[in-house]
Amino acid sequence: MKSAREKNVDPWLNPTEKPFIQFQSVSKEFGSVSAVRNVSLDIYKGEFFSLLGESGCGKTTMLRLLAGFEKPSSGHIYIDDIDVTKTEPYDLPVNIMFQFYALFPHMSVRDNVAFGLRQARLGRKFIKERVEEMLDLVNMSDFADRRPYQLSGGQRQRVALARALARQPKVLLLDEPLAALDKNLREKTQFELVNIQEKVETTFIMVTHDQEEAMTMSTRIGIMDKGKIKQVGTPGEVYEYPNSLFVAKFIGIVNIFDGIVTSEEQEYVVVKSPHIETDLAVAYSSAAPVGAHVSVVIRPEKILISTEIKNLPNNFAIGIVKDIAYLGDVSLYYVQLRSGKIVIATQPNLFRLAERPVTWDDKVVLYWQTENSIILTI
Ligand code: ATP
């Protein structure tokens with residue numbers, strides 16, 4: 001999994017560390033719509049925290065509550081011990097960067113960055129120095145005299161970031177900050193944004209529906225569904241150890257075998273599924289007793305694929321390659337088992353396309369290690 005982070009920031013593991021931002025049992029209703037439902041969430045200083053979820057799940061409402069633009073229907077929100085609900089938005093140590101940047105078209109890059117500092121009536125010398133520092137930070141010093149329309153999308157994004165950071169907010173809220181950029185530029189900008197965040201050490205909170213973006217950039221991710229936070233964790237945790245089928249399916253591709261726990265061995269539990277003839281042996285078990293109905297979840301890259309048919313004691317299946325999706329660095333193999341179930345296995349493309357050893361209609365064996373699947377019950 002790709003990550004743009006160099007530093008390891010993990011204050012949430014330190015029990016003596018005080019959260020910088022706290023949502024305490026926060027709900028927000030708009031008439032009959034419950035946009036946010038009883039959310040409690042701690043975010044720590046210096047984090048790049050992402051709220052990730054599908055359209056309408058409540059993530060923008062969370063951001064607006066934090067910025068003080070909306071008041072919660074119930075619950076409390078604190079930023080650095082300031083009660084957000086009792087403070088006017090302009091008195092909060094928060095700035096927000098919107099999706100389409102909202103740069104002033106008639107102002108130069110320099111004046112755009114200086115705007116908030118001038119509004120705050122800060123000294124001329126200070127403003128000049130701060131603007132230079134910010135333009136340097138986002139690598140836009142050479143473009144200071146241009147107008148926004150004379151810039152590329154990525155450059156506009158960097159000016160908006162410089163403007164948002166100029167007044168040194170303690171918290172920067174980013175609403176889909178890369179949505180206006182095309183795919184290649186978006187990937188490059190993800191790394192730039194993380195580098196800048198690591199330099200300024202401001203707490204960033206980003207709203208996105210793009211899981212790859214959240215995985216690449218965040219210290220931790222809060223996955224939302226219907227106004228609730230389903231799981232909070234590092235990108236690695238939510239990917240490797242999803243706490244529910246919802247999260248497992250939301251982040252990346254998964255293979256799911258529904259079945260029943262038939263025995264508990266010392267190192268693994270055994271699950272029988274109607275979709276696969278061999279036993280599923282699962283090392284990581286979340287308290288599922290014998291007889292429990294469970295789902296065994298396996299990521300495609302954990303499955304090995306081979307044309308050499310061999311029999312293994314468990315965790316293997318024989319099938320036919322029905323489809324191959326070539327993605328450049330990896331290929332996805334869609335393999336149909338005898339039960340009809342399609343299992344997806346990812347393999348790195350170490351061979352050139354014409355030399356690939358597994359191809360359409362091949363009879364193959366799929367197999368994986370006991371520790372590479374997990375059991376979920378919800
Ligand atoms: P998107 O990714 O589409 O922006 P979201 O996850 O950010 O979605 P929210 O904008 O937080 O979702 O909206 C959550 C729910 O609250 C939606 O059902 C939305 O229609 C509703 N909602 C948000 N703001 C208002 C409002 N001012 N009045 C009424 N309903 C609202």
Side-chain angles (χ1 to χ4, degrees), residues 21-43 47-79 84-85 87-90 92 94-102 153 156-157 160-161 164 171-183 186-187 189-190 193 203-233 235 238 242-252:
I21 295 168
Q22 287 184 295
F23 284 80
Q24 294 179 349
S25 309
V26 172
S27 294
K28 176 67 185 174
E29 279 115 39
F30 295 105
S32 61
V33 178
S34 289
V36 172
R37 299 166 190 233
N38 196 21
V39 166
S40 293
L41 174 66
D42 291 341
I43 298 172
E47 274 208 76
F48 193 132
F49 192 96
S50 294
L51 290 165
L52 173 67
E54 281 172 357
S55 182
C57 70
K59 44 194 197 303
T60 307
T61 305
M62 290 280 288
L63 214 62
R64 291 180 58 79
L65 287 164
L66 202 49
F69 298 157
E70 303 283 356
K71 300 281 173 219
S73 309
S74 60
H76 292 278
I77 303 170
Y78 297 95
I79 300 176
V84 172
T85 51
T87 314
E88 291 302 324
Y90 48 80
L92 289 170
V94 171
N95 206 347
I96 189 160
M97 192 175 114
F98 294 102
Q99 200 167 334
F100 294 104
Y101 318 140
R156 276 199 285 270
Q157 200 266 354
L161 183 64
V171 181
L172 182 64
L173 308 177
L174 304 112
D175 184 4
E176 304 267 5
L178 309 179
L181 307 180
D182 66 41
K183 190 171 174 349
R186 209 158 59 213
E187 283 176 8
T189 310
Q190 287 170 2
L193 205 52
T203 306
F204 277 29
I205 300 180
M206 174 171 84
V207 155
T208 180
H209 66 272
D210 182 332
Q211 46 143 307
E212 200 189 310
E213 197 161 289
M215 298 291 271
T216 308
M217 298 167 76
S218 317
T219 51
R220 289 187 305 157
I221 303 172
I223 295 163
M224 293 192 69
D225 180 39
K226 300 189 190 82
K228 291 195 169 209
I229 297 212
K230 303 287 280 187
Q231 185 171 4
V232 174
V238 294
N243 64 0
S244 60
L245 282 174
F246 176 85
V247 172
K249 288 182 200 165
F250 190 74
I251 302 274

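We count ligands from 1, going down the list as the structure has it; atoms in each ligand are counted the same way.
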For this session: Collect the protein residues that have a non-hydrogen atom under 4.0 Å from ligand 1 and hand them over in chain and number order.
Result: Phe30, Val33, Ala35, Glu54, Ser55, Gly56, Cys57, Gly58, Lys59, Thr60, Thr61

Exercise. Are His209 and Glu54 linked by a side-chain donor-acceptor pair shorter than 3.5 Å?
Worked result: no

For this session: Not counting sequence neighbours, which residues clear side chain to side chain donor-acceptor pair (under 3.5 Å) with Gln211? List them please.
Result: none

Problem set entry | Check: Glu29 main-chain N/O paired with Ser73 side-chain donor or acceptor under 3.5 Å | yes

For this session: Would you indicate whether the side-chain heavy atoms of Phe23 and Met62 approach each other to under 4.5 Å?
Result: yes

Exercise. Quick one: does Glu213's side chain get under 4.5 Å of Leu178's, heavy atoms only?
Worked result: yes

For this session: Classify the ring geometry between Phe48 and Phe204 as parallel (under 30°), tilted (30 to 60°) or perpendicular (over 60°).
Result: tilted

